Participant: 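Before I ask anything, here is the structure I am working with.
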Amino acid sequence: MYLVLFDFFLYTTGIMLPDGIMANVFGPIEGRRHDAAMFEISNILPYLQANMNRAPGVPYTLYGDQGYTLSLYVVSPYPGVNLTPQQQAFNTAMSSARQAVEWGFGKIKSNFAFLAFHKNLKIQLQPVGMYFMAAALLTNCHTCLYGSQISDMFGLSAPELEDYLA
């Protein structure tokens with residue numbers, strides 16, 4: 001999960017899968033919001049509780065930055081500087097996962113550069129949120145066809161376009 005500013009006062013959050021597909025995009029929300037508030041407003045936790053379990057009581061876990069509220073479904077880096085070697089190793093290993101999410105949002109902005117120019121977007125006059133959602137969908141389609149840095153990093157293939165769109 002990651003919170004990203006894609007316009008001067010618009011924020012969105014998303015869940016990036018290791019195959020390079022952005023599985024969930026929530027937003028945009030106007031104004032400054034804390035990551036935990038965005039997570040709460042997105043109402044994603046009930047979905048995770050219902051659908052993200054390997055077995056009863058054994059959930060898949062999302063990795064978010066320190067701003068996200070910890071739960072059975074969300075973990076974040078260990079805070080502080082006096083960390084055990086195991087905690088430091090966890091933080092180091094997971095920092096690449098966070099980088100992958102940034103790459104996902106970066107790919108959207110790269111493919112649809114007009115989203116990064118907030119002076120050209122008119123919040124009250126254009127459906128800016130729909131632009132971002134459409135850009136995320138089309139970027140996922142591009143990932144299905146051509147792969148991504150993220151899928152390469154994790155050694156996974158994105159789904160076939162036909163399967164993704166089904």
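Owing to the predicted nature of the structure, the values given are computational and were not obtained by experimental measurement.
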Participant: So, using side-chain contact (heavy atoms from CB on, under 4.5 Å) as the criterion, who are the partners of Glu40 when residues are at least two apart?
Facilitator: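 Checked Glu40 against side-chain contact (heavy atoms from CB on, under 4.5 Å); zero matches.
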Participant: Using a 6.0 Å cut-off, check whether atom CD of Gln87 has over 12 heavy atoms from anything other than its own residue.
Facilitator: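 Correct, the count exceeds 12.
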Participant: Identify, with sequence neighbours excluded, every residue that meets side-chain contact (heavy atoms from CB on, under 4.5 Å) alongside Val58.
Facilitator: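 By the side-chain contact (heavy atoms from CB on, under 4.5 Å) rule, Val58 matches Arg54, Ala55.
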Participant: Could you give all pairs that pass the side-chain hydrogen bond (donor to acceptor under 3.5 Å, both in side chains) test and reach residues 132-144, with sequence neighbours left out?
Facilitator: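 Sorted pair list: Lys107-His142, Lys107-Thr143, Asn140-Tyr164.
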Participant: For residues 41-50, dump all side-chain donor-acceptor pairs below 3.5 Å to protein atoms at least two apart in sequence or in another chain.
Facilitator:
from, atom 1, to, atom 2, distance (Å)
Ser42, OG, Phe39, O, 2.7
Ser42, OG, Ile44, N, 3.4

Participant: If we only count heavy atoms from C-beta on, is the Cys144 to Ile21 side-chain gap below 4.5 Å?
Facilitator: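 Cys144 reaches Ile21 side chain to side chain.
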Participant: Do Ile150 and Met16 have side-chain heavy atoms sitting under 4.5 Å apart?
Facilitator: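 Touching, per the 4.5 Å side-chain cut-off.
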Participant: Ser157 versus Asp19: any side-chain heavy-atom pair under 4.5 Å?
Facilitator: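 Not in contact.
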Participant: Between Asn111 and Leu138, is the side chain to side chain contact (heavy atoms under 4.5 Å, CB included) condition met? List the steps.
Facilitator: CA-CA 9 Å; Asn111 289 340; Leu138 293 172; over 6 Å; no
Participant: Less than 3.5 Å apart, any donor N or O on the side chain of Thr92 or Gln88 sitting next to an acceptor on the other?
Facilitator: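 Indeed, the side chains of Thr92 and Gln88 share at least one donor-acceptor pair under 3.5 Å.
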Participant: If the condition is side-chain hydrogen bond (donor to acceptor under 3.5 Å, both in side chains), which residues does Asn53 pass it with, not counting sequence neighbours?
Facilitator: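 Only Tyr73 meet the side-chain hydrogen bond (donor to acceptor under 3.5 Å, both in side chains) criterion with Asn53.
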Participant: Can you name the nearest heavy-atom pair linking Gly64 to Pro77, along with the distance?
Facilitator: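 Here Gly64 and Pro77 meet closest at O-CD, 3.4 Å.
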Participant: Once ring-ring contact (aromatic ring centres under 6.0 Å, His included) is applied, what residue pairs with a partner in residues 74-103 remain, sequence neighbours excluded?
Facilitator: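 For residues 74-103, and leaving out neighbouring residues, the ring-ring contact (aromatic ring centres under 6.0 Å, His included) pairs sorted by first residue read Tyr78-Phe90.
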Participant: Could you walk me through whether Leu17 and Met22 satisfy the side chain to side chain contact (heavy atoms under 4.5 Å, CB included) test, starting with their C-alpha distance in whole Å, then the side-chain angles of each, then the deciding distance to 0.1 Å, before giving a yes or no?
Facilitator: CA-CA 6 Å; Leu17 300 179; Met22 185 161 292; over 6 Å; no
Participant: If I compare all heavy atoms of Phe154 with all of Ala100, which pair ends up nearest, and what's the gap?
Facilitator: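 Minimum heavy-atom separation between Phe154 and Ala100: CE1-CB, 3.9 Å.
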Participant: Output all residues satisfying side-chain contact (heavy atoms from CB on, under 4.5 Å) with Leu72, sequence neighbours left out; order by chain, then residue number.
Facilitator: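 Testing Leu72 for side-chain contact (heavy atoms from CB on, under 4.5 Å), a comparison that skips the adjacent residues, returns Pro59.
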Participant: Who are the side-chain contact (heavy atoms from CB on, under 4.5 Å) partners of Ala135, not counting sequence neighbours?
Facilitator: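 Checked Ala135 against side-chain contact (heavy atoms from CB on, under 4.5 Å); matches are Ile108, Phe112, Leu115.
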Participant: With the side chain counted from C-beta on, respond yes when Leu62 and Val75 share a heavy-atom pair under 4.5 Å apart, and no when they do not.
Facilitator: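 Not touching, per the 4.5 Å side-chain cut-off.
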Participant: Shortest non-hydrogen contact from Gly14 to Phe105?
Facilitator: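 Shortest heavy-atom separation between Gly14 and Phe105 comes out as N-CZ, 3.7 Å.
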